[in-house]
Amino acid sequence: MLTRMTEQFGVTADGVWSAPGRINLIGEHTDYNDGLALPIALPRRTVAAVRRRPDGLLRMASTGVPGEPVTVLLDEVRPGTPGGWAAYVAGVFWALDRAGYAVSGADVVVSSDVPLGAGMSSSAALECAVGAAISDLEGLDLLADDTGRAHLAQLCRRAENDIAGAPTGGMDQSAAMLCRPGHALLLDCRDGATRLVPFDLAAHGLELLVIDTKARHALVDGQYAARRADCTAAARALEVTSLREVSETDLAGALERLADPVARRRVRHVVTEIARVPRFVAAFETGDMAEAGRLMVASHASLRDDFEVSCPELELAVEGALREGALGARMTGGGFGGCAIALVPSDRAAAIADTVTAAFARADFVAPQAFRALASGSARRDT
Ligand code: ADP
Ligand code: MG
């Protein structure tokens, strides 16, 4: 990365920072409903070599995006400027500036092994790698503890929401900033509270298989925004600030108050999904992995039938994994493609991956890619 900076901009980087992609174990489409989620950080990371500039200019290049570097003055950053991928980088400078931190310009060169748009949150990995770099280079010290990291995660989310224009919840940035190796992060999006949950599958002879379906269906962003709008409208109809306020015991009464069957399905997903998260954590903590698997299956059914965000490739991956001996499997991430995860006996992992690959070939789908997910660490300085 240091030599890439020299090749790209003819200068020496001040340092190299990185942040991870993530996989969410359970609690999907809940973050923007003030709900609960349970991500792990992946070993796959986005790396940013950065050199501070004193002149308020931003120059940005990515090995993942062919073409000329993008250049913009920090003062000119606003929604839509710069467009494209550079918004995720420039937005972080903008958000820190808006929050009152004195930030200057920079040369930024990015490289990543988090696939873009695959549901492993390459966007937050990019924002958080850049956020970590700015924090260190400007002496903001936001990486030192979880309070600073949670704050920086929020600013990275603002970059994504306001400058890149993606109305996402805060799970991805929290995962990239707060996860620890060997742990999942129980995240309460109502108050930002977090708890680390030991994630040791090997002790149970299990592993978490990620199946990237390689499907990237169009309309994803519009569908995501539409689901968000459904949830906001339902909360308004129920006269609550968010769907988090509807407990499982209130659910039947809440559904009766909603005339629209689509609204009823959306609410049922969000309320039952939030309730599944603490049960999943309890199953993990008591070693009841069969129950953890059942909760994954229930989550998937709810996302497919009530939230309507699955797709044929995700169905095939989940069905194939379950048929071949997974304890549980579900789509993960926003849906309409991206990844499925399966909780599998280690000695079945290869057979399960093969079964799913064969099923994809028979269906004439692009070949999926399966890999084992190990819970890894958060944003950091590497060099
Ligand atoms: P996901 O976060 O699930 O990968 P998103 O649609 O939220 O999918 O974010 C993907 C977008 O983030 C890309 O289209 C690109 O604009 C930007 N991005 C992420 N990583 C990189 C990278 N390494 N280089 C350039 N752009 C990136
Ligand atoms: Mg993203």
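Just so it is clear, the model here is predicted, and its values are computed rather than measured. Each ligand, and each atom within it, is numbered from 1 in the order the structure gives.
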So with a 6.0 Å cut-off around CZ of R4, is the heavy-atom count from everything else above 12? no

Could you tell me whether some N/O pair between L126 and ligand 1 is separated by less than 3.5 angstrom? no

Output the list of atoms in ligand 1 that are nearer than 4.0 Å to some heavy atom of S62, sorted by atom number. 22 (C), 23 (N), 24 (N), 25 (C)

With nothing but distance in play, are any N or O atoms of S122 less than 3.5 Å from an N or O of ligand 1? yes

Given D107, which partner from the list R52, Q8, R59 fulfils the side-chain contact (heavy atoms from CB on, under 4.5 Å) test? R59

Taking atom 23 (N) of ligand 1 as the point of reference, which of S121, S112, A61 owns the nearest heavy atom? S112

Can you tell if the side chain of S242 reaches within under 4.5 Å of the side chain of R190, non-hydrogen atoms only? no

Side-chain touch L178/S378, heavy atoms, less than 4.5 angstrom: no

Per-atom filter on ligand 1: closer than 4.0 angstrom to a heavy atom of V110 are 23 (N)

Could a heavy atom of G333 be found less than 4.0 Å from some atom of ligand 1? no

Quick one: look at P115 and ligand 1, take heavy-atom pairs under 4.0 Å, and tell me if it's side chain, backbone, both or neither. backbone

Correct closest heavy-atom pair for R45 and S18 would be NE-OG, 2.8 Å

Are any of the N or O atoms of G119 closer than 3.5 Å to those of ligand 1? yes

Would you mind reporting whether M5 and T12 have side-chain heavy atoms less than 4.5 Å apart? no

Whether Y32 and Y224 hold their rings parallel, tilted or perpendicular, with breakpoints at 30° and 60°: perpendicular

Could you point out which residue of D260, N33, D230 forms a side-chain hydrogen bond (donor to acceptor under 3.5 Å, both in side chains) with R266? D230

Would one find more than 12 heavy atoms of other residues, nucleotides or ligands at under 6.0 Å from atom CZ of R158? no

With a 4.0 Å cut-off on heavy atoms, is G64 touching ligand 1? no

Before signing off on this row, confirm whether S123 and ligand 1 have an N or O atom pair separated by under 3.5 Å. yes

Excluding water, the protein N, O or S atoms sitting under 2.8 Å from the Mg ion (ligand 2) are S123 OG

Keeping to residues at least two apart or across chains, list the ring pair (Phe, Tyr, Trp, His ring centres under 6.0 Å) pairs with something in residues 56-101. Y101-H151

Flag if over 12 foreign heavy atoms under 6.0 Å of CD, E256: no

Heavy atom of A166, distance to ligand 1 below 4.0 Å: no

